[in-house]
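Read through the structure below, which is laid out as structure tokens, and then see the notes.
In what follows, chains carry the letters A, B, and so on, assigned in the order in which the sequence lines appear, proteins first and then strands, with residues in each chain numbered from 1. Fair warning: this is a prediction, and the values are worked out from it, not measured in the lab.
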Amino acid sequence: MEMPKAYNPKEHEDKIYQSWEDNGYFKPKIDKSKKPFVVAIPPPNVTGSLHIGHALDNTIQDVMIRYNRMKGNPTLWIPGTDHAGIATQNKVEQRLAKSGKTKHDLGREKFVEEVWKWKDEYQGHIVGQLKKLGSSCDWSRLRFTMDKDYSKSVIEAFAHYYDKGYLYRGNRIINWCPRCHTSISDLEVEHEEELGSLWYIKYQIENGKDITVATTRPETMLGDTAIAVNPADKKFSDLVGKVAILPIINRKIPIVADKAVELEFGTGAVKVTPAHDPVDFEIGERHKLEKIIIIDEDGKMTKEAGEQFFGMDRFEAREAVVKLLDEGGWLTKVEPYSHSVGHCSRCHTVVEPLLSLQWFVSMEKIVVPAISVVKKSEIKFHPNKWKKVYLDWMDNIRDWCISRQLWWGHQLPVWYCECGKIIVSKEWALEELENVSRETKTRECPKCKSHKIERDQDVLDTWFSSALWPFATLGWPEKTSDLNYFYPTMFLATARDIIFLWVARMIMSGLEFMDEPPFKDVYIHATVFNKEGKRMSKSLGTGVDPLDLMEKYGTDAMRFGLLWQTAQGQDMKFGEDAILNGQRFANKIWNASRFVMMNLDDYKIVTRETIKDNLTKEDKLILDELEITIKQLEKYFSRYDFQHAVELIYEFFWHNFCDKYIEVAKIRIRKNDKTKSAAQYTLDKTLKDSLKMLHPFMPFVTEAIWENLNQKKPLIISDWPKYQ
RNA sequence: GGGCGAUUAGCUCAGCUGGCUAGAGCAUCUCGUUUACACCGAGAGGGUCGGGGGUUCGAAUCCCUCAUCGCCCACCA
């Protein structure tokens with residue numbers, strides 16, 4: 001055999017991966033008598049490429065898959081991507097903008113075609129990255145959340161929720177992004193502490209008195225329809241029921257008593273803008289106040305805000321209002337005030353709370369079993385502290401706004417008749433999915449028989465569809481044998497920022513549609529930060545591209561290095577040192593193997609029994625240590641303790657086997673003494689078992705060596721080593 | 001405002017339910033080796049384990065407190 005002195009990943013990785021794939025080793029070897037090991041990989045979205053956190057997700061899942069495969073369990077990893085509604089639409093809009101176009105120039109249909117082109121390009125890119133990472137996915141099952149079959153699942157889910165009465169359409173205060181021009185869910189709002197001002201505004205009261213309120217958003221006073229005070233507040237008790245006069249526009253508004261008002265804050269009196277603040281909305285509901293919309297979907301002032309402000313940007317309007325208040329003597333005080341302001345997680349525009357007609361999922365019932373399975377540890381979080389985080393959120397969950405005013409996504413299977421009837425139709429939606437054109441098919445309102453029916457233009461929140469991933473990818477709602485055999489999955493590795501967005505929603509929908517939790521173990525890995533402790537982000541220029549790392553050090557080195565640094569659940573400041581160490585380790589494994597092979601030329605395969613009398617104490621020691629290592633490694637696997645697993649095997653292989661054992665064995669083999677074949681046996685045995693243990697972590701270098709060892713079966717499907 | 005976590009060698013971090021001279025990788029220094037590997041080996045230096053207090057025969061490890069940093073959640077205008 002001719003092995004060069006250094007391991008060169010580039011010579012082996014692609015070739016080996018291809019041969020694994022071609023031989024079908026990534027496909028599950030179905031054995032009905034065994035419980036399959038299935039991972040529920042979070043589908044990366046198609047906006048761009050994988051980042052270092054994804055590299056970690058995928059490495060961990062691949063380690064678990066490879067380990068289980070070697071243990072003889074049927075394994076399945078369904079790869080895929082999600083359509084990431086807002087994010088992808090933004091990307092394509094940006095690309096269009098370069099040629100001076102907007103999506104409106106193209107129209108919805110053409111624009112969506114453009115997005116599909118984008119998707120094809122980036123899905124291919126992501127698939128390439130996953131393969132480069134060594135991920136053992138069953139590529140014949142590649143899924144996308146807008147595939148036709150997947151869309152059927154989404155329609156089914158929506159109709160199911162609707163039939164059960166869990167969906168409703170309502171005018172509520174939602175988070176609106178004026179730039180993305182869509183509603184977003186609470187989870188898509190990022191709160192940031194900002195230094196603003198607290199303006200004190202004095203309102204005249206009809207009886208000649210006055211009342212002062214404090215606000216951080218003076219422009220919203222244009223939409224005020226009341227002033228509220230706490231019912232227990234004695235200093236205002238005589239004012240409740242009186243009428244105040246709104247400055248500038250002279251609207252008469254009542255002073256009401258409402259428990260939502262804090263006694264201590266500001267002046268104890270609050271202006272009420274029911275159309276632009278969630279708390280004010282609630283107050284408005286309780287006191288039957290008018291809701292005046294003064295800010296529109298572009299973040300500009302409406303006609304209702306008054307002629308002089310009409311069309312003005314909301315922040316300009318703030319200045320204008322403040323100026324007028326000041327000039328009119330209504331502004332009594334301004335103080336600097338730090339408060340948190342919501343931003344759109346996709347474009348960072350300040351979110352506008354807006355009264356809007358949207359679809360919601362009622363959480364009241366759905367949340368109950370999803371809490372219970374985690375409480376009862378039918379689903380376990382690793383590390384366990386995330387259990388509390390999950391439960392706290394679930395306990396305080398609010399209804400989920402699922403409609404989005406986007407063009408890219410699953411259009412709601414909802415129609416509205418001119419008579420006002422809302423029609424949720426699976427049948428119609430499926431027809432349109434199959435391209436039955438609207439012209440050839442006349443829809444009729446089941447209530448009034450009218451044909452003037454229009455489909456809702458909105459699409460669903462991407463997470464509504466992602467939440468179905470563990471079973472939609474297996475054919476649900478059809479009762480397929482795949483679904484029967486592979487559901488529920490076992491394991492999920494992901495980042496903590498996705499616990500609510502995705503993990504919680506999968507749990508809820510898994511229980512709702514399958515009556516079984518979608519997975520058993522949720523592993524929340526470390527968040528990767530750069531050396532300065534800042535979040536890795538390509539857009540901020542603080543990211544590291546895993547492809548670059550793999551190019552520079554090799555895939556095995558990167559996988560090893562990432563796991564080496566991954567303390568359970570801790571944040572990790574990423575440094576390339578660990579990856580460099582991984583590269584050295586790969587080389588060490590390569591060279592130790594080279595040594596063993598060079599000294600096995602005259603070795604006739606023997607069993608331990610035949611050479612047992614010639615085993616020296618060093619032989620026995622390393623063979624014992626080998627067994628202990630296998631045993632300990634399995635323990636770490638069962639705890640998902642990858643960092644210690646990697647350290648353990650590194651320590652054993654490098655220091656026990658290479659530094660100590662090989663050095664003694666070397667001498668005996670050269671001297672050609674009677675214990676030579678015992679040494680050869682020990683080298684052979686220890687090397688092979690070590691390669692097996694290393695394979696889940698460093699699949700390429702170990703498989704490349706295995707090829708040189710001329711084994712019958714490739715390492716990827718060889719048997720996991722045994723211990724006594 | 002609530003919650004979580006961190007603070008251990010120059011750097012990145014291990015140290016489980018308290019117990020031998022506190023460990024690893026990188027970096028530094030010394031020596032060695034060019035017939036598996038210089039992407040090597042042997043060894044060395046370097047830490048009052050954030051501050052203070054407490055429990056204990058004994059604490060990096062448990063409790064209290066302070067400080068600094070980070071993250072998540074949140075409808076006090």
Side-chain angles (χ1 to χ4, degrees), chain A residues 3-8 173 175 186-187 189-191 196 198-201 213-218 220-221 224 227-228 230 260-273 276-283 337 339-340 342 353 383 385-386 388-389 392-393 395-396 398 496-497 499-500 526-527 529 531-535 553-554 557 560-561 564-599 639 641 643-644 646-647 650-651 654-655 658-660 662-663 665-666 670 683 687:
Chain A
M3 286 174 76
K5 279 193 172 190
Y7 170 64
N8 179 4
I173 298 278
N175 307 295
D186 295 338
L187 288 176
V189 177
E190 288 172 357
H191 295 273
L198 195 57
W199 285 273
Y200 289 78
I201 309 170
V213 301
T215 180
T216 55
R217 301 196 56 196
T220 61
M221 64 151 298
D224 282 4
I227 287 173
N230 191 292
V261 182
E262 296 283 330
L263 289 155
E264 287 80 22
F265 190 89
T267 61
V270 60
K271 56 189 276 315
V272 182
T273 322
H276 294 283
D277 183 280
V279 178
D280 292 4
F281 176 82
E282 299 291 330
I283 297 174
Y337 183 66
H339 63 134
S340 80
K385 65 172 178 177
W386 298 110
K388 179 176 155 47
V389 174
D392 285 351
W393 186 71
D395 282 340
N396 298 300
R398 287 186 290 161
R496 60 161 167 261
D497 54 353
I499 294 175
F500 308 140
T527 303
F529 296 92
K531 282 275 185 215
E532 287 74 48
K534 292 270 182 282
R535 196 185 206 96
Y553 300 101
F560 179 88
W564 181 268
Q565 286 198 53
T566 306
Q568 279 214 355
Q570 290 306 117
D571 296 339
M572 93 181 180
K573 284 187 195 153
F574 178 80
E576 283 191 27
D577 281 357
I579 305 219
L580 179 65
N581 195 230
Q583 186 186 29
R584 289 184 179 149
F585 188 39
N587 196 246
K588 188 74 181 177
I589 300 165
W590 180 262
N591 277 295
S593 307
R594 234 160 50 86
F595 171 84
V596 172
M597 279 180 254
M598 289 163 87
N599 289 284
R639 295 179 191 158
D641 188 348
Q643 187 193 29
H644 287 112
V646 147
E647 272 177 14
Y650 175 89
E651 179 70 21
W654 198 312
H655 299 303
C658 294
D659 293 349
K660 300 208 178 69
I662 286 185
E663 293 306 319
K666 198 183 272 182
R670 286 211 193 111
L683 284 172
L687 176 67

Sugar-phosphate, base or nothing in reach of [X], heavy atoms under 4.0 Å:
| X | answer |
| --- | --- |
| A/Lys271 | nothing |
| A/Ala578 | nothing |
| A/Asp577 | sugar-phosphate |
| A/Phe281 | nothing |
| A/Val261 | base |
| A/Glu663 | base |
| A/Thr273 | nothing |
| A/His276 | nothing |
| A/Ile173 | nothing |

Write down the distance between [atom1] ([X]) and [atom2] ([N]), rounded to a whole number of angstrom.
| X | N | atom1 | atom2 | answer |
| --- | --- | --- | --- | --- |
| A/Tyr650 | B/C13 | OH | P | 18 Å |
| A/Ile579 | B/C13 | CD1 | P | 14 Å |
| A/Arg594 | B/A36 | CZ | C1' | 5 Å |
| A/Asn591 | B/C39 | CG | P | 11 Å |
| A/Trp590 | B/C40 | CH2 | P | 17 Å |
| A/Asp392 | B/G1 | CG | P | 19 Å |
| A/Glu651 | B/A14 | CD | C1' | 12 Å |
| A/Lys5 | B/U34 | NZ | P | 12 Å |

If the [atom1] atom of [N] is compared with that of [M], how far apart are they to the nearest Å?
| N | M | atom1 | answer |
| --- | --- | --- | --- |
| B/C63 | B/U55 | C1' | 7 Å |
| B/A22 | B/C13 | C1' | 14 Å |
| B/C40 | B/U35 | C1' | 14 Å |
| B/U61 | B/C26 | P | 29 Å |
| B/G1 | B/C57 | C1' | 45 Å |
| B/U48 | B/A42 | C1' | 31 Å |
| B/C11 | B/G47 | C1' | 14 Å |

Can you see if the side chain of [X] gets near the phosphate of [N] - specifically, an N or O under 4.0 Å from OP1 or OP2?
| X | N | answer |
| --- | --- | --- |
| A/Trp654 | B/G41 | yes |
| A/Arg398 | B/C73 | no |
| A/Tyr337 | B/A77 | yes |
| A/His191 | B/G2 | no |
| A/Arg584 | B/C26 | yes |

Inset, instruction - State whether the side chain of A/Asn591 and the backbone N or O of A/Lys5 hold a donor-acceptor pair below 3.5 Å, judged by distance alone. - result: yes
Inset, instruction - For the pair A/Asn230 (side chain) and A/Val261 (backbone), establish whether a donor and an acceptor sit closer than 3.5 Å, ignoring hydrogens and angles. - result: yes
Should [N] form a Watson-Crick or G-U wobble pair with both distances under 3.5 Å, which nucleotide is its partner?
| N | answer |
| --- | --- |
| B/A22 | none |
| B/G70 | B/C4 |
| B/U55 | none |
| B/U30 | B/A42 |

Inset, instruction - Record whether the side chain of A/Gln565 comes under 3.5 Å of the base of B/A14 through a donor-acceptor pair of N or O atoms. - result: no
Inset, instruction - Tell whether A/Lys588 reaches the base of B/C37 with its side chain through a donor-acceptor pair below 3.5 angstrom. - result: yes
Legend entry - Distance-only side-chain donor-acceptor flag, A/Arg584 / A/Asn587, under 3.5 Å: no
Inset, instruction - Can you spot which of A/Asn581, A/Ile579, A/Asp577 makes a side-chain contact (heavy atoms from CB on, under 4.5 Å) with A/Trp564? - result: A/Asn581
